[in-house]
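What you are looking at is a predicted structure, and each value in this text was computed from that prediction instead of being measured. Scope of the values below: all heavy atoms of this structure, side chains included, with no hydrogens, waters or symmetry mates.
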Amino acid sequence: MSQAAQPTGPNASGDSWPPRRAAAHGGGWVTGGVAFAGVLMLCGGVLAIFQGIAAVADDIVYARVDTYVYRLDLTGWGVIHIILGALVLMTGIGLLMDMAWARIAGLFLAALSLIAQFLFLPYQPIWSLVVMAIDVFVIWALASRQEAAS
């Protein structure tokens, strides 16, 4: 081929212009959702640790509930939130680093967090509902992530 017949310019290699992002994990919106879910898990883990520390440190931080079916001592709730928060925090870091284990662990821990917040509703109803909504988004974002076809 002569030089005049050879393609030149940004599309010389046959790639489309403008360059597209590789679709390794599905569409751009879902991928952004997974990154956002990782950030939410990171922040949610830290906040759950603080929530647990507040419950362990002083029993007067949360309202006393006497007739709740799933009543548990606030120190017990605090320990649950600290452990769950630490696991969620580590999983959020793993999601942001795109670790393979973090997606499955994130689904499991978000579901566990959703259940824990449901059981914690009488103590902090508005906060629990907000965290439950965030957990539902995290579950959706992680479950809808598509892997690249081999």
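Taking the side chain as every heavy atom from C-beta outward, W77 and V56 never approach each other to under 4.5 Å. Residues H81 and I49 form no side-chain contact, since every pair of their non-hydrogen atoms from C-beta on lies 4.5 Å or further apart. Proximity of L95 to L142: side-chain heavy atoms (C-beta onward) are separated by under 4.5 Å at one or more points. Within the 4.5 Å cutoff, the side chain of V136 has no heavy atoms near those of the W140 side chain.
Atoms CZ and CD1, from F120 and I80 in turn, are 9.5 Å apart once rounded to the nearest 0.5 Å. Within the model, atoms CG of D98 and CZ of R103 stand 10.5 Å from one another, a figure rounded to the nearest 0.5 Å. In this structure, the separation between OG1 on T91 and CG on L107 is 10.5 Å, given to the nearest 0.5 Å.
Residue pairs that meet the side-chain hydrogen bond (donor to acceptor under 3.5 Å, both in side chains) test with at least one member in residues 104-118, sequence neighbours left out, are S113-D135, Q117-S128.
The two atoms that bring L109 and L87 nearest to each other are CD1-O, 3.5 Å, heavy atoms only. Among all heavy-atom pairs drawn from G78 and A55, the shortest one is CA-CB, 3.7 Å. Residues A110 and I139 come closest through the heavy atom pair CB-CG1, 3.6 Å.
Remark: F118 engages L121, M132 in a side chain to side chain contact (heavy atoms under 4.5 Å, CB included) (not counting sequence neighbours). Annotation: side chain to side chain contact (heavy atoms under 4.5 Å, CB included) contacts of A48 (sequence neighbours excluded): none. Among residues two or more places apart in sequence or in another chain, the side chain to side chain contact (heavy atoms under 4.5 Å, CB included) test is passed with A116 by L84. Residues passing the side chain to side chain contact (heavy atoms under 4.5 Å, CB included) test with V46 are F50, L89, sequence neighbours excluded.
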